[in-house]
Each structure stands twice: as C-alpha cells, then as structure tokens.
Peer 1: 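Below is one structure. I have some questions about it.
Residue numbers start from 1 in every chain, and the chains themselves are labelled A, B, ... in the order their sequence lines are given, proteins ahead of strands.
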2 protein chains.
Amino acid sequence: MDRFVSTFTNKIDAKGRVSIPASFRAVLERDGYAGGIAGGLYCYPSLDAQALDAGGERLAKKIDGLLAGLPDYSDERDELSVALYGDVQVLSIDGDGRIVLPESLRAHAHLDAAVSFVGLGEKFQMWEPKRFEERRAEARSKIQVTRKLFAAGSRPSGDGGDEGARE
Amino acid sequence: MDRFVSTFTNKIDAKGRVSIPASFRAVLERDGYAGGIAGGLYCYPSLDAQALDAGGERLAKKIDGLLAGLPDYSDERDELSVALYGDVQVLSIDGDGRIVLPESLRAHAHLDAAVSFVGLGEKFQMWEPKRFEERRAEARSKIQVTRKLFAAGSRPSGDGGDEGARE
DNA sequence: TCAAATCCCATGCGATCCCATAAAGGCCCG
DNA sequence: CGGGCCTTTATGGGATCGCATGGGATTTGA
C-alpha cells in the first residue's frame, strides 16, 4: 500500500503527543521517509478548512517543484514561499510513531483532546473529531446528489446505499 | 534537511542578542558555513519588505550569479549591486548560536523585542512578529485566490475541494 | 580608563527518548 | 471451527537531553 487510506482517531496525551496510525506510518516510511531517518512529517494548515494537511517527502517535493518554476525575485514567488515554507512545519516522528503538534497548528484546527487522521491518497488531514464528523456528513450528502445524477443518466439505481459509505 | 523551513519566534535580550533557531543553524552548518566556524551569516535588508534576508554561502553565490547575468556596466547592474551588496552585513554567530543585529538592520525591519525567523527554502527572513503575521495573512489570502483561479480554469472540479490545496 | 562587544557559564522549560502497560488483532494449533 | 498465544499498536509516565535565555566575567578598542 502506498497511499493514505481511511480514517483513524487517536488521543492527544498530556504532553501533546499523538500516535500516527500505523498504516499511515507505513506509507511514510516508503515515501522518502525511507532511505534516511532524517526525513520528517511535513505539516501545514489547510488553506480552506480548519484542519491540517500532512505528508512525506513526496509532498515536500511537490511544493519545491511549484516554486522552482517561478522566477527568483518575483512577487509571486515571494507570496508562495511565505504561504508554503513559512507555514510548513517539519514534525519529527519519535521512536513510538508519535508527533507533537505545535500550538500554532493545534489552534488552526482546534485540536485539543483527540485527532482524526483522514487519508486522502498522497497526503492526509488531521481534524478535530467532531468537526470532521460534520464535514463528513456534509460530504456524504453531496456525494449522494452527485451519485443520483450519475444514476439518472446511466445507472439503474436502487441499491441500498452502503456502497458510497466511504468517501 | 538542507532547506530553511517553518517559522520560529525568538526574543532579543538586553544586549541585543537573538538565538538563531537550532534547525536553521543546522542548515547553515552544512551550507558553506561548514568547513569552518569562520564563515558567517549573510544578512541584508529585504528589497521589498520591512524585513531582513539572510542565508549562508549558497545565498551569497546566488546573488553573485544574479549579478553575473547582467551586463558589466549597465545601470541595472550598478543599482542591484548597490542594493544587494551595499547593505550586506556578515554577522558572526557566537558559541551559543546567537547573533547581534546592527542598528541599521534593526531599524529597517523595526525589530525591538522579538524576531520571527521565517524559512523560505534557500534563505530565511527576519520579521518583527506582528508585521509578519499581517504579511502572512495577506499571502494566504492571495494564494486562496490564485488557487481558486487554477481550479476553475484547468481542473475537472468535482473533487472534495481540499485535495489539491497546495498545488 | 571606560564603554561596548564577546565569551563562558548557569538555569529553566520544553522536547525527545526509553520503558512499561494494556488492549486489539492475527495466527497457529488443537 | 474454536480457543489461546503471540505480535502489533496505542497510550501513559519517568528520565534525559537540547535549546533558548539571562547574567556575569573578560577582552577589545577608543
């Protein structure tokens, strides 16, 4: 498996530590985090949600690639640099597979007692569990609509509905 | 890690000293600063912001490269030379990883009680914390716009929305 | 000789490492 | 097919380490 999949909820302990789900760790290990202990978890506030985005080397490379394409002293590059590099935190993963979330990141996502890790393929997000539930419910209803549109056009519809459970 | 990443805020003490974030020091050490403690921190007023730019050997080389690209006796080159080299200071880093900012530099960035160190990949900036927060907010909102334009113009849409956040 | 800059040491807080426990899941063997 | 053992994983706590910061001591330069 080489993508972040499904959702896990873990607790934040008194020291602010959270265990990264084992399956996510496995993905990180084979994506750049492998080959060297030096790597870390790249983490930053989601631009359009009260959540955090995170990923491994692959994600970092992507950011680099974006910037590499822009001229050195352009305004555009400056803006992007600040928004990307400035907001990014490189979190180290301890021997037990845990990270500590800096205050600034916790604040953005309103994290206090627990964190929901949500796999999104090449990266994953970290949500405050309640907020994520709301968001998920919302996403589901939207999917429903989309699916019905699809069904109307090409499918016989009429299945139980459990099919689309996982978004 | 060989790039300046993320943001740290440290205090200026009564003697005008500031600690350089440990992770930035690590980057400096392997970039030209390595090979000898003799090296220093290249630091100059940002051309387009009330902040300071700083970096190690790699940054110095880059500036050289920039200038090399311009015709020898052009006005452009003269202006850039003055703008860049003219105000460059080579700051020494003491045994505890601290620097002292000359008055001229402090004035340009309005630094007094604390400094925010902002990683920008190959270099970093030093900001008065409040000013940086404003700048960051601005950069973020601009990125929002850029991203939405991207999404609207070239992407099939229909994804959750946050997936492509940083692309 | 005095002021200012540099070096060296002390300290407190936060981060990191290491170990212990417990719950869960998987596997093998009966 | 079922039960028990063993491995993996999450979580908690204690101890240790490193870093940021502050204060003195010492040197440098005017």
Peer 1: Donor-acceptor check, side chain of B/Glu128 to backbone of B/Lys130, threshold 3.5 angstrom: yes or no?
Peer 2: yes
Peer 1: Go through the steps for B/Gln89 and B/Ser104 under the test side-chain contact (heavy atoms from CB on, under 4.5 Å), then give the verdict.
Peer 2: CA-CA 10 Å; B/Gln89 306 259 352; B/Ser104 61; 3.8 Å; yes
Peer 1: Out of D/dA10, C/dT16, D/dA20, which nucleotide sits closest to the side chain of A/Val100?
Peer 2: C/dT16
Peer 1: Roughly, in whole Å, what's the span from CZ in B/Arg25 to P in D/dT21?
Peer 2: 11 Å
Peer 1: Looking at A/Arg3 and A/Glu122, does any basic side-chain N land under 4.0 Å from a carboxylate oxygen?
Peer 2: no
Peer 1: Once you apply a heavy-atom cut-off of 4.0 Å, does A/Ile20 come out as touching a base, just sugar-phosphate, or nothing?
Peer 2: sugar-phosphate
Peer 1: To the nearest Å, how far apart are A/Arg106 CZ and C/dA15 P?
Peer 2: 10 Å
Peer 1: Are there any protein N/O atoms within less than 3.5 Å of an N/O atom in nucleotides 17-21 of chain C, and if so, which ones and at what distance?
Peer 2:
unit_1, atom_1, unit_2, atom_2, d
C/dC17, N4, A/Arg17, NH1, 3.2
C/dC18, N4, A/Asp96, OD2, 3.3
C/dC19, N4, A/Asp96, OD2, 2.8

Peer 1: Please pick, from D/dA10, D/dT11, D/dA20, the nucleotide with the shortest atom-to-atom distance to any side-chain atom of B/Ala22.
Peer 2: D/dA20
Peer 1: Are B/Phe8 and B/Val115 in one and the same hydrophobic cluster, where Ile, Leu, Val, Met, Phe, Trp and Tyr link if side-chain heavy atoms are under 4.5 Å apart?
Peer 2: yes
Peer 1: Between protein and nucleotides 28-30 of chain D, what N or O pairs are separated by less than 3.5 Å?
Peer 2:
none

Peer 1: Find the distance B/Asp13:CG to C/dT6:P and express it as a whole number of Å.
Peer 2: 13 Å
Peer 1: Under 3.5 Å, is there a donor on one side chain and an acceptor on the other for B/Thr7 and B/Ser116?
Peer 2: no
Peer 1: Using whole Å, report how far CG of A/Leu41 lies from P of C/dA15.
Peer 2: 16 Å
Peer 1: Salt bridge check, A/Asp96 against A/Arg17: does any charged N sit closer than 4.0 Å to a carboxylate O?
Peer 2: no
Peer 1: Does the side chain of A/Trp127 come within less than 4.5 Å of A/Arg135's, by heavy atoms?
Peer 2: yes
Peer 1: Between B/Asp53 and B/Ser46, is there a side-chain donor-acceptor contact under 3.5 Å, judged purely by atom types and distance?
Peer 2: yes
Peer 1: Rounded to whole angstroms, how far apart are CD1 on A/Ile99 and C1' on D/dT9?
Peer 2: 16 Å
Peer 1: NZ of A/Lys11 versus P of C/dA22: gap in Å, rounded?
Peer 2: 14 Å
Peer 1: Do B/Arg30 and B/Asp2 meet the salt-bridge criterion of a basic N to acidic O distance under 4.0 Å?
Peer 2: no
Peer 1: Using whole Å, report how far CZ of A/Phe8 lies from P of D/dA10.
Peer 2: 8 Å
Peer 1: Rounding to a whole Å, what distance do you find between A/Phe24:CZ and D/dT9:C1'?
Peer 2: 15 Å
